[in-house]
S.K.: 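This is the structure I have questions about; it appears just below.
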Amino acid sequence: MACGILLVTHPGVGTSILAVATALLRQLPLKTEAFEVPLDAELDYLLPQASAALRRVDGGEGVLVLTDLYGASPSNLAEQLARLGTPVRRVSALSLPMLLRVMNYAEQGLDQLPATAAAGTRNGAIVDDA
């Protein structure tokens, strides 16, 4: 069994990052889905749909939820998801390097993957003065 990955983002962000990661890796080693939150969303209305997405990706060891912007509606929805009973860890500042890093360490458990995800974004930010 393995962790699932749920991207909870603003419109266009999660599906785009997921599509590029899938194209680069050809096949993702972890069950992954994007759930996008409309800008005018009512979070209570979206919670059942987001919960269903969470259950779809849960491989039995919990779900790593990656959000694009801490404190925004997708992040707030992820916080509500974390209270529903499925083991969930959340990391914000989703980026392509973050998702690729998580996929390259798919054998890690839910206790290790959040730090791996954060390292992906940190290490993917390069100041290129050349």
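Hydrogens, waters and symmetry mates play no part in the numbers below; they use all other heavy atoms, side chains included. Given the structure is predicted, the values throughout are model-derived calculations rather than measurements. We're numbering straight along the sequence, starting at 1.
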S.K.: Treat each ILVMFWY residue as a node, draw an edge where side-chain heavy atoms are under 4.5 Å apart, and state whether Met98 and Ile126 are in one component.
M.R.: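 Different clusters.
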
S.K.: For a 4.5 angstrom cut-off between non-hydrogen side-chain atoms, does Val102 reach Gln108?
M.R.: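 No, their side chains stay 4.5 Å or more apart.
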
S.K.: How far does CG of Asn104 sit from CG of Leu25, to the nearest 0.5 angstrom?
M.R.: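 Nearest 0.5 Å value for the CG-CG distance: 6.0 Å.
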
S.K.: Quick one: does any side-chain atom of Gln80 pair with a main-chain N or O of Leu77 as donor and acceptor, under 3.5 Å?
M.R.: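 No, the answer is negative, given that no donor and acceptor are paired below the 3.5 Å cut-off.
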
S.K.: Calculate, to the nearest 0.5 Å, the distance between atoms CD1 and CG belonging to Ile17 and Leu66 respectively.
M.R.: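 It is 9.5 Å, given to the nearest 0.5 Å.
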
S.K.: State plainly whether one hydrophobic cluster holds both Tyr105 and Leu99, where clusters connect Ile, Leu, Val, Met, Phe, Trp and Tyr through side-chain heavy atoms under 4.5 angstrom apart.
M.R.: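 Looking at the clustering, Leu99 is in a separate group from Tyr105.
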
S.K.: Donor-acceptor check, side chain of Thr22 to backbone of Leu18, threshold 3.5 angstrom: yes or no?
M.R.: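 Yes, because the side chain of Thr22 sits within donor-acceptor range (under 3.5 Å) of the backbone of Leu18.
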
S.K.: Return yes if some donor-acceptor pair links the side-chain N/O of Glu61 with the main-chain N/O of Leu110 below 3.5 Å, else return no.
M.R.: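 Flag not set: sc Glu61 to bb Leu110 has no pair under 3.5 Å.
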
S.K.: Would you confirm whether Thr67, through its side chain, and Ser75, through its main-chain N or O, come within 3.5 Å as a donor-acceptor pair?
M.R.: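 Not confirmed, Thr67 side chain does not pair with Ser75 backbone.
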
S.K.: Are Val57 and Leu46 connected in the hydrophobic side-chain network, where two residues link if heavy atoms are under 4.5 Å apart?
M.R.: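 The answer is yes; both residues are in one hydrophobic cluster.
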
S.K.: As an exercise, state the distance from CD of Glu79 to CG of Asn76, rounded to the nearest 0.5 Å.
M.R.: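 Atom-to-atom, Glu79:CD and Asn76:CG are 6.0 Å apart.
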
S.K.: With rounding to the nearest 0.5 Å, note down the distance linking CD in Gln112 to SG in Cys3.
M.R.: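 Nearest 0.5 Å value for the CD-SG distance: 9.0 Å.
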
S.K.: Taking a hydrophobic cluster as the set of Ile, Leu, Val, Met, Phe, Trp and Tyr residues connected by side-chain heavy atoms closer than 4.5 Å, whether directly or through intermediates, do Val13 and Val91 fall within one such cluster?
M.R.: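 Linked, Val13 and Val91 end up in one cluster.
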
S.K.: Minimum heavy-atom separation for Pro97 to Gly120, with atom names?
M.R.: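 Taking Pro97 first and Gly120 second, the nearest heavy atoms are CB-O, 3.3 Å.
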
S.K.: List the atom of Leu81, the atom of Ala50, and the distance in Å for their closest heavy-atom pair.
M.R.: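 Taking every non-hydrogen atom into account, CD2-C, 3.7 Å.
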
S.K.: Side chains of Leu39 and Pro11: does their closest heavy-atom pair fall under 4.5 Å?
M.R.: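 With C-beta onward as the side chain, the pair touches.
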
S.K.: Counting distance only, does the side-chain N/O of Asp68 pair as donor-acceptor with the main-chain N or O of His10 below 3.5 Å?
M.R.: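 Judged by distance alone, yes, a pair lies under 3.5 Å.
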
S.K.: Start with the C-alpha gap between Leu69 and Ser92, add the side-chain angles, then the distance that decides, and say whether side-chain contact (heavy atoms from CB on, under 4.5 Å) holds.
M.R.: CA-CA 6 Å; Leu69 182 62; Ser92 62; over 6 Å; no

S.K.: Asp58 vs Arg55, test: side-chain contact (heavy atoms from CB on, under 4.5 Å). Steps then yes/no.
M.R.: CA-CA 5 Å; Asp58 185 12; Arg55 288 190 307 275; 5.6 Å; no

S.K.: Could you please spell out the steps behind the side-chain contact (heavy atoms from CB on, under 4.5 Å) verdict for Leu24 and Leu96?
M.R.: CA-CA 11 Å; Leu24 291 172; Leu96 182 58; 4.3 Å; yes

S.K.: Shortest non-hydrogen contact from Gly14 to Ala34?
M.R.: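 Answer, listing the atom of Gly14 first, then Ala34: C-CB, 3.6 Å.
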
S.K.: With a 4.5 Å cut-off on side-chain heavy-atom distances among I, L, V, M, F, W and Y, is there a chain of contacts connecting Phe35 to Ile5?
M.R.: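 No, because Phe35 and Ile5 fall into different hydrophobic clusters, even though each may have its own neighbours under 4.5 Å.
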
S.K.: Let me confirm one number: the CG-CG distance from Leu64 to Asp111, rounded to the nearest 0.5 Å.
M.R.: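 It is 11.5 Å, given to the nearest 0.5 Å.
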
S.K.: Could you go step by step and tell me if Leu6 and Val88 meet the side-chain contact (heavy atoms from CB on, under 4.5 Å) rule?
M.R.: CA-CA 10 Å; Leu6 182 62; Val88 168; over 6 Å; no

S.K.: When Arg101 is tested against each of Thr121, Leu113, Asn123 for side-chain contact (heavy atoms from CB on, under 4.5 Å), which residue passes?
M.R.: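 Among Thr121, Leu113, Asn123, the one that satisfies the side-chain contact (heavy atoms from CB on, under 4.5 Å) with Arg101 is Asn123.
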
S.K.: Distance from Thr15 atom OG1 to Glu33 atom CD, nearest 0.5 Å?
M.R.: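 With rounding to 0.5 Å, OG1 (Thr15) is 11.5 Å from CD (Glu33).
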
